[in-house]
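These notes concern the structure reproduced below.
Atoms considered below: every heavy atom in the structure, side chains included; atoms not considered: hydrogens, waters and symmetry mates. This one's a predicted model, so the numbers in the text were calculated from it and none came from an experiment.
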Amino acid sequence: MSDGSSGGFMPPADNLSALAAPEVQRLAARMAQDAFTRIFRLTLEGDEAALQSAVVEIGARAGNWVRAAADDEARALRLALLVGGVDQWGLAYAQAFALTALPGVSVLLGGLRSALDAADDARFQRAFAAVESVESNAIDFKMELRRNIHLALWHAMIACEDRDEAFAILAALGGMLVALAGHMPTLGWRLVADALANIQLRCLADAAASTDLARETTEGLFVALRQALPREVSEPMFAHANQAVIAWQQARRTVH
């Protein structure tokens, strides 16, 4: 887990890095994102044939990538990352958009596990538990995954023209960030800070959040986090995010 702070923070060891190097973990997060967003888009479009075809194609590609790992344990971890990643995207979107079900996601996840024999399934369950049981395990995967989920929801929020819809996403996103800080007491606030820094960078670099409603909800998100989190969590979190933004601004001035 990269860390740009000046405090010299060293995160706890990732016990799974020997089975999945950081670049493999980040790739797993991106593959999960691509799989979910494609299924979600086709679900919204209502093209059942295209959705079924995409689920089959995504499942085959995922299976090939899993089988390309070096050994059984590494294969189990790759599968655990993909399944966990797609599932977290599904849960986040279900919460933000009040969805009751995403059948395409369920079919994909069921298909990825249905091909496992008893020994493979036991290895998968151990790998899945290992990712969840220790904050720093698969931390590069967690960082990439959560950053992309949070930014996707923020982009959806600032794109809203309906005030009620925008504030529903704001409530869901804020709740996810607060829950993340509580669920991962050592590293969670750093993942939240990463999301906040990236939101600010999008605003600075891309002039995002350009409408009054987008600015109001973005500011509301930051205010809500300050109010919901204990000061001993929120203060270093916002300082960490601001530090990343300042470093980006300084780098830009150096280049220009």
Spatial distance of atom CG (Leu187) from atom CD (Glu135) [nearest 0.5 Å]: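 The CD atom of Glu135 is 5.0 Å from CG of Leu187, to the nearest 0.5 Å.
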With rounding to the nearest 0.5 angstrom, report the CZ to CE distance, Arg231 to Met237.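 So the CZ of Arg231 and the CE of Met237 are separated by 13.5 Å.
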Taking the inter-plane angle between the rings of Phe128 and Phe124 on a 0 to 90° scale, is it parallel (under 30°), tilted (30 to 60°) or perpendicular (over 60°)?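 Because their plane-to-plane angle lies in the 30° to 60° range, the rings of Phe128 and Phe124 count as tilted.
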Please check if atom CD in Glu161 has more than 12 non-hydrogen atoms from other residues, nucleotides or ligands closer than 6.0 Å.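 Not buried by this count: 12 neighbours or fewer within 6.0 Å.
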Between the side chains of Glu132 and Asn137, does any donor sit under 3.5 Å from an acceptor?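 Glu132 vs Asn137: no donor-acceptor pair found between side chains.
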Is the closest side-chain donor-acceptor distance between Arg61 and Asn64 under 3.5 Å?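 No, no side-chain donor-acceptor pair sits under 3.5 Å.
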With Arg78 as the cation and Trp65 as the aromatic partner, state whether NZ or CZ is under 6.0 Å from the six-membered ring centre and within 45° of the axis.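 Yes, Arg78 and Trp65 form such a contact.
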Does Gly188 offer a backbone N or O that forms a donor-acceptor pair with the side chain of Lys142 under 3.5 Å?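 Between the backbone of Gly188 and the side chain of Lys142 there is no qualifying donor-acceptor contact (under 3.5 Å).
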Sub-3.5 Å donor-acceptor pair from the side chain of Arg75 to the main-chain atoms of Val66, do we have one?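 Not at all, since once roles are kept as given, no pair shorter than 3.5 Å links the two residues.
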Answer yes or no: is there a side-chain heavy-atom contact under 4.5 Å between Cys203 and Arg215?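 When only atoms from C-beta onward are counted, Arg215 and Cys203 do not touch, as no gap falls below 4.5 Å.
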Any non-hydrogen side-chain atom of Trp89 less than 4.5 Å from a side-chain atom of Asn148?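 They are in contact (side-chain heavy atoms under 4.5 Å apart), so the answer is yes.
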Could you list all the ring-ring contact (aromatic ring centres under 6.0 Å, His included) pairs where at least one residue sits in residues 209-233, not counting sequence neighbours?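 Found Phe222-Phe238.
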